Amino acid sequence: MSKSVYVGLDIGSSRTKVAVLDADRRLLGYAIKKSGTDFSATASICLDAALEMAKANRAAIANAVSTGYGRANVGFITTHSKTEIGCLANWCRYEIPGIITLIDIGGQDNKIVKLDKDGRRDSFKMNRKCAAGTGAFLEEMSTRLDLPLEDMDGLARASKEMVKLGSYCTVFSATEVLENIRNGRKVSDIVKGLFYSVIKRVLEMDLPTEKVVMTGGVVAHNAYIFDMAEEMLGRPVIRPEFPQLAGAMGAAVYAINEKGASDTPDPSQPNFEGELL
Amino acid sequence: MIEPTRPKTARKKIQAGELMNKVMSDHFYQVNEAATTGKQKVAWCTSVGPAELLRALGFAVHFPENHGALLGATRMATDLIPEANAIGYSPDICSYLTADIGAYLKGVTPLAKAYPGIQSVPKPDVLVYSTNQCRDVQDWFGWYSRELKVPSIGIKSPRNFNEVGAAPIEDVSRQIQALVPQLEAISGTKLDMDRLRETVALSRECTELWKQVLETAKAIPAPMTFFDGTIHMGPAVVLRGTRAAVDYYKVLLAELQQNVRDKAGAVEGEKVRLYWDGMPVWGRLRQHSEHFLELKANVVASTYCSSWIFQAFDEKNPFRSMAQAYLELFIVRSDDYKESYLKQMIDDFRIDGIIYHDAKTCPNNSNSRYGLPKRLESATGVPSLVLSGDLNDLRCISDEQTKTNIEAFIEQIVEGK
């Protein structure tokens, strides 16, 4: 029998993230994969990969909580779900206690969550119904510029003279990008302008507190956005070790809190709601 | 902890609903008969226009905003709005207006589906508006006036009051009286002041009963939801000033009061009490209602349903009191007034959180745009959520974002309790 583990599954619009924690909230294993079109199958693959990294198996799962757009699609492992906003706040509450603003830039949306001194959610905001300030915006622009997504961070860093993009509409921004290409501007300067546009749109949503942490896939893969945010805010931004896993880890923390103290599960008796495969 | 599971039971059914359906059906058939037989002249009236005067002059009254809501609730609106956009009416203006004009251009109406024998909205003899809510109603009626060659007349209302003083009341009262000669000419009836007084008295009685109906939701658990309110306000909207509306609300009130005594809540296991500011999303009423039900949250009060409470009506002074009633409306008031009104509602209905619906095409019913939520949150400590959406244009809505926002908001309230 292995030690009990707690699982958080974040089924995002772009990526599925699974985190496996022990009862003391230590990260034992994780996996990240493109969500694709079969959320359940992707979550199952990620779950097994994360458990393997954690040197555990499904029988060791004491509790599991899901989150993200596909949170209702993982009934094979759990029917307990929380919103990604709740999970991000929950992660932050334990990892970085105190008054703080969490900025999450994900594939489909971005979120600003504020916590009070006791780690309670004070307020939250999501982006409005456009793609500005989200990963989807950068994905669309990388296609327009015929650039691999993973090259964008390096290009932005190489920029000497950023192009300013003024619009908060993806379609209008695309037009601005085309205009700049026509005017002979360097691709690296345009990419930096796109990064600037993303972080500016997000920071416009609310007034951040003194302490700020950034999470989400966009900052995980484009670390230069951290630098730009720090420059704009005029102060350091907390950079978590696994920015993309914050939601999944927050879900796992919910699983721990729901279940209480660690125990050793009986593999023949799943002790959480839902059925094992 | 709240678990979002599928609802095992639906929202508690209000038995009076069947009677309401009959009352509404009678209304639509009566106006249709007036228009098709010519027995009675037909006036179109904005929802808080001078309906009392029109009834007193014997008009059958059709309310295009009610028709707009029906287009939304039947999810016909989104396909019809582009018809109006194509003739130059922007997608950014009132989606009641664009849906209604679009329906006319396509020759369709939800009334024809719901009420066999009715083929179209009733053709008007006159269009009567008040701009107390917005300017869009005047433009809306202006289009029909040109299209149908009927006069469009109305009240150009002052707006944004803290207190409704004597001067604007005098102004609007004079404007209402100035309509009389033209309306008498169209109706062929001389205004009978006793009949006007009687109509105003019935409006007052209707409003008092509707107020009491809504106030039953002060009880914990509340016997009705905002979603019930949006349906059961039908008679208050289209039959203000009639005996039928008064009789209906007596029945509804008695049922809800009994449910309060029985502690029979509309939402089983009510845990969270919410306030809804702004327009409903007509095409998502059922979806939203079920979502709140799953989360054991009840939207117990709203600005929208409460906007059909007009306490100023006084049969002793019909014109002046009509003017006052039309000016005291929430939508006509300043943000300072709105803030104090919402504070009172939070206290009266023991509200845990406020949801502001920021309707893309209805700025005048979207109260989240000038800092009000933050100010109210600071003053009361009651959290708020702003939902981006629209009353009728479903192209402006992300269901998934709405769902996540509502769930996260209720999680926040529950975890903070």
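Here the structure is a predicted model, which is why all the values come from computation and not from measurement. Here is the naming used below: chain letters follow the sequence lines, and residue numbers restart at 1 for every chain.
- Counting non-hydrogen atoms of other residues, nucleotides and ligands closer than 6.0 Å to OH of B:Tyr341 gives a total above 12.
- Remark: B:Lys106 NZ is loosely packed, at most 12 non-hydrogen atoms of other residues, nucleotides or ligands lying under 6.0 Å away.
- Here the OH-CD distance, from A:Tyr254 to B:Glu411, works out to 5.0 Å after rounding to the nearest 0.5 Å.
- Shown here for B:Thr404 and A:Ile85, the closest heavy-atom pair between the two residues is CG2-CD1, 4.2 Å.
- We find that A:Arg71 and B:Glu407 are joined by a salt bridge, their nearest charged nitrogen and carboxylate oxygen being less than 4.0 Å apart.
- Taken to the nearest 0.5 Å, the CD atom of B:Glu400 stands 9.5 Å off from the OG atom of A:Ser13.
- At a threshold of 4.5 Å between non-hydrogen side-chain atoms, the residues B:Asn405 and A:Phe124 count as touching.
- For B:Lys417, the side-chain contact (heavy atoms from CB on, under 4.5 Å) test picks out B:Asp352, B:Ile413, with sequence neighbours left out.
- The number of heavy atoms from other shown groups lying within 6.0 Å of OH (B:Tyr304) is above 12.
- B:Lys374 contributes atom NZ, which lies 6.5 Å from atom CG of A:Leu207 (distance to the nearest 0.5 angstrom).
- A:Asp118 is linked by a salt bridge (Lys or Arg N to Asp or Glu O under 4.0 Å) to A:Arg120, counting only residues two or more places apart in sequence or in another chain.
- With hydrogens and angles disregarded, no donor-acceptor distance shorter than 3.5 Å links the side chain of A:Arg121 to the backbone of B:Glu415.
- Within 6.0 Å of CZ in B:Arg286 there are 12 or fewer heavy atoms belonging to other residues, nucleotides or ligands.
- A:Asn127 places a side-chain heavy atom less than 4.5 Å from the side chain of B:Gln401.
- The contact between B:Leu385 and chain A is made entirely by side chain atoms (from C-beta outward), counting heavy-atom distances below 4.5 Å.
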